[in-house]
Q: 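One structure follows; several queries about it will come next.
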2 protein chains.
Amino acid sequence: MEVFTDLVEQLRRRGERLTPQRRLVLEILQNSEQHLSAEAIARAIVLRYPNLQIDQATIYRTLKWLHQHDLVSETSLGGNHMVYSLLSAHHNHHHLVCDQCHTVIEVEPELLVPVAAALQERYGFQARLAHISLFGTCAACRLQDEGEV
Amino acid sequence: MEVFTDLVEQLRRRGERLTPQRRLVLEILQNSEQHLSAEAIARAIVLRYPNLQIDQATIYRTLKWLHQHDLVSETSLGGNHMVYSLLSAHHNHHHLVCDQCHTVIEVEPELLVPVAAALQERYGFQARLAHISLFGTCAACRLQDEGEV
DNA sequence: AATACAGCTGCAACTATTCGCACGAGGTCG
DNA sequence: CGACCTCGTGCGAATAGTTGCAGCTGTATT
């Protein structure tokens, strides 16, 4: 896979160590189109390599490491766990999460571009605006609320 | 305290039950200018009423309940715990959290108003935009990074 | 190919938060 | 003012994620 070697190269150039565990997590993320939880990643690993085992702490540490290197996003979608996904330029987006029905609407990344620009300009702050979640009430639930009142 | 009775009235009107525990949490939040963690609230309660005791699960449930009723904000500032504060119109703001030095910069709530408007218009989504945290790198850390490279 | 060492890994304990359940107490109605 | 019903509370166990530590392994160097 090109993407894979590409990421590996990127990390190696930064002087980062590439252990089998890290490659594994990277491989799983790369083969998934969706956001994955740490547990889902663990399950995917044993599914693909039933004789391997990798500690959950290592998975969490690897995800945090990938996040620090801006290779994966770490997002809350309102559940009690975080979800992770590779930061490929193509699939970036943000999330609108309905507090009531938990529906997730994906919105285009451009939404927050002006915000990023403003923060950069006014505070010199370089925001990491990828896969942000915003919580609130979706149109359907709002209508229903009004009906009930 | 006016604010207090005001909030209590607001909740009562919505048909919510006001237990001593809930009043207690509300009172603590109301007397603090800062964001408080669940644990800090628990400590504040025993400090003020040493003979009372209130279960931590209850504190969490109360905070969630207040959040659902849009009376408090629940925010992550990058640590491993959430912080809570009363949603009074005056003190609202958002947070820029530096991933490296963990400095928190407060920014005016107006920053996200256009975003809220866009979401409302395009998706009918009513976002809860109070005390949002955005993560990234602050000016100081970015300069330092460049120096090192 | 052997060395050295910083930086990983596994393990088990720990923190923050949530959940299930049985009991208790707010608020409403008569 | 007393009963009733619903909802909240305390308790203890469960879950997601983190941390300390001792041993192991990538990787640069030779």
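All values below come from the heavy atoms of this structure, side chains included, with hydrogens, waters and symmetry mates left out. Proteins come first, then strands; the chains are lettered A, B, ... in the order of their sequence lines, and each starts at number 1.
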Q: Verify, without hydrogens or angle tests, whether Arg14(B) (side chain) and His69(B) (backbone) share a donor-acceptor contact under 3.5 angstrom.
A: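 Side chain of Arg14(B) to backbone of His69(B): a pair is present.
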
Q: Which residues in residues 33-47 of chain A have a heavy atom closer than 4.0 Å to any atom of DNA chain C?
A: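 Of all residues in residues 33-47 of chain A, none places a heavy atom under 4.0 Å from DNA chain C.
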
Q: Kindly state which residues belonging to residues 59-68 of chain A come within less than 4.0 angstrom of DNA chain D, counting heavy atoms of the residue only, listed by number.
A: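 Heavy-atom contacts with DNA chain D come from Tyr60(A), Arg61(A), Lys64(A).
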
Q: With His81(B), which residues qualify under side chain to side chain contact (heavy atoms under 4.5 Å, CB included), at least two apart?
A: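 With sequence neighbours excluded, His81(B) shows a side chain to side chain contact (heavy atoms under 4.5 Å, CB included) to Ser37(B), Val83(B), given in chain and number order.
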
Q: Quick one: name the residues clustered hydrophobically with Val113(A), using the 4.5 Å side-chain heavy-atom rule over I, L, V, M, F, W, Y, and just say none if it's on its own.
A: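 Answer for Val113(A): none, a lone residue.
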
Q: Just to be sure I understand the rule, does Asp55(A) reach a base, reach only the sugar-phosphate, or reach nothing, if contact means heavy atoms closer than 4.0 Å?
A: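 Since a base atom lies under 4.0 Å of Asp55(A), the category is base.
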
Q: Distance-only criterion, 3.5 Å: show the donor-acceptor pairs between side-chain atoms of residues 38-49 of chain A and protein atoms not counting sequence neighbours.
A:
from: Glu39(A); atom 1: OE2; to: Arg43(A); atom 2: NE; distance (Å): 3.4
from: Arg48(A); atom 1: NH1; to: Glu27(A); atom 2: OE2; distance (Å): 3.2
from: Tyr49(A); atom 1: OH; to: Glu27(A); atom 2: OE1; distance (Å): 3.3
from: Tyr49(A); atom 1: OH; to: Glu27(A); atom 2: OE2; distance (Å): 3.0

Q: Got a sec, which residues hit side chain to side chain contact (heavy atoms under 4.5 Å, CB included) with Glu108(B), two or more places apart in sequence or on another chain?
A: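 Scan of Glu108(B) (side chain to side chain contact (heavy atoms under 4.5 Å, CB included), adjacent residues dropped) gives Arg122(A), Tyr123(A), Glu110(B).
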
Q: Nearest heavy-atom pair of Leu111(B) and Pro114(B): which atoms, and what distance?
A: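 Looks like O-CD, 3.5 Å.
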
Q: I'd like to check Val8(A) versus Arg23(A) (side-chain heavy atoms, cut-off strictly below 4.5 Å). Are they in contact?
A: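 Yes; the side chains approach each other to less than 4.5 Å.
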
Q: Going by salt bridge (Lys or Arg N to Asp or Glu O under 4.0 Å), name the residues that satisfy it together with Arg17(B), two or more places apart in sequence or in a different chain.
A: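 Residues passing salt bridge (Lys or Arg N to Asp or Glu O under 4.0 Å) with Arg17(B): none at all.
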
Q: Enumerate donor-acceptor pairs with a distance under 3.5 Å from any side-chain N or O in residues 124-140 of chain A to protein atoms, sequence neighbours excluded.
A:
from: Gln126(A); atom 1: OE1; to: Arg142(B); atom 2: NE; distance (Å): 3.4
from: Arg128(A); atom 1: NE; to: Asp99(B); atom 2: OD2; distance (Å): 2.7
from: Arg128(A); atom 1: NH1; to: His67(A); atom 2: O; distance (Å): 2.9
from: Arg128(A); atom 1: NH1; to: His67(A); atom 2: NE2; distance (Å): 3.1
from: Arg128(A); atom 1: NH2; to: Asp99(B); atom 2: OD2; distance (Å): 3.2
from: His131(A); atom 1: NE2; to: Asn92(A); atom 2: OD1; distance (Å): 3.2
from: Ser133(A); atom 1: OG; to: Ser76(A); atom 2: O; distance (Å): 2.6

Q: Determine, for nucleotides 24-30 of chain D in 5'-to-3' order, which nucleotides have protein heavy atoms under 4.0 Å from the base (write B), from only the sugar-phosphate (write S), or from neither (write -).
A: -BBS---

Q: Is the distance from the ring center of His91(B) to that of His35(B) below 6.0 Å?
A: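 No; His35(B) has its ring centre 6.0 Å or more from that of His91(B).
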
Q: CZ of Arg14(B) versus C1' of dC7(D): gap in Å, rounded?
A: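 The answer, rounded to whole Å, is 17 Å.
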
Q: Just do the side-chain contact (heavy atoms from CB on, under 4.5 Å) check on Leu24(B) and Thr62(B) with the steps written out, would you?
A: CA-CA 10 Å; Leu24(B) 222 43; Thr62(B) 299; over 6 Å; no

Q: If an axis is fit to five pairs at each end of the helix from dA1(C)-dT30(D) to dG30(C)-dC1(D), what is the angle between the two, to the nearest 10°?
A: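 Rounded to the nearest 10 degrees, the bend comes out at 40°.
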
Q: Is there a chain of hydrophobic side chains (I, L, V, M, F, W, Y, each step under 4.5 Å between heavy atoms) that links Met82(A) to Val25(A)?
A: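 They do share one cluster, since a chain of ILVMFWY contacts under 4.5 Å joins Met82(A) to Val25(A).
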
Q: List the atom of Leu66(A), the atom of Leu29(A), and the distance in Å for their closest heavy-atom pair.
A: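 Looks like CD1-CD1, 4.1 Å.
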
Q: Mind checking what makes side chain to side chain contact (heavy atoms under 4.5 Å, CB included) contact with Ala57(B), not counting sequence neighbours?
A: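 With sequence neighbours excluded, Ala57(B) shows a side chain to side chain contact (heavy atoms under 4.5 Å, CB included) to Asp55(B), Arg61(B), given in chain and number order.
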
Q: Could you go step by step and tell me if Leu36(A) and Tyr84(A) meet the side-chain contact (heavy atoms from CB on, under 4.5 Å) rule?
A: CA-CA 5 Å; Leu36(A) 294 175; Tyr84(A) 302 85; 5.6 Å; no

Q: Does dT9(D) have OP1 or OP2 sitting under 4.0 Å from an N or O in the side chain of Gln56(B)?
A: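 For dT9(D), OP1/OP2 do not have a side-chain N/O of Gln56(B) under 4.0 Å.
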
Q: Could you give the start and end, 5' to 3', of the contact zone on DNA chain C for chain B, using atoms under 4.0 Å from its heavy atoms?
A: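 Range of nucleotides touched by chain B: dA16(C) to dG27(C).
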
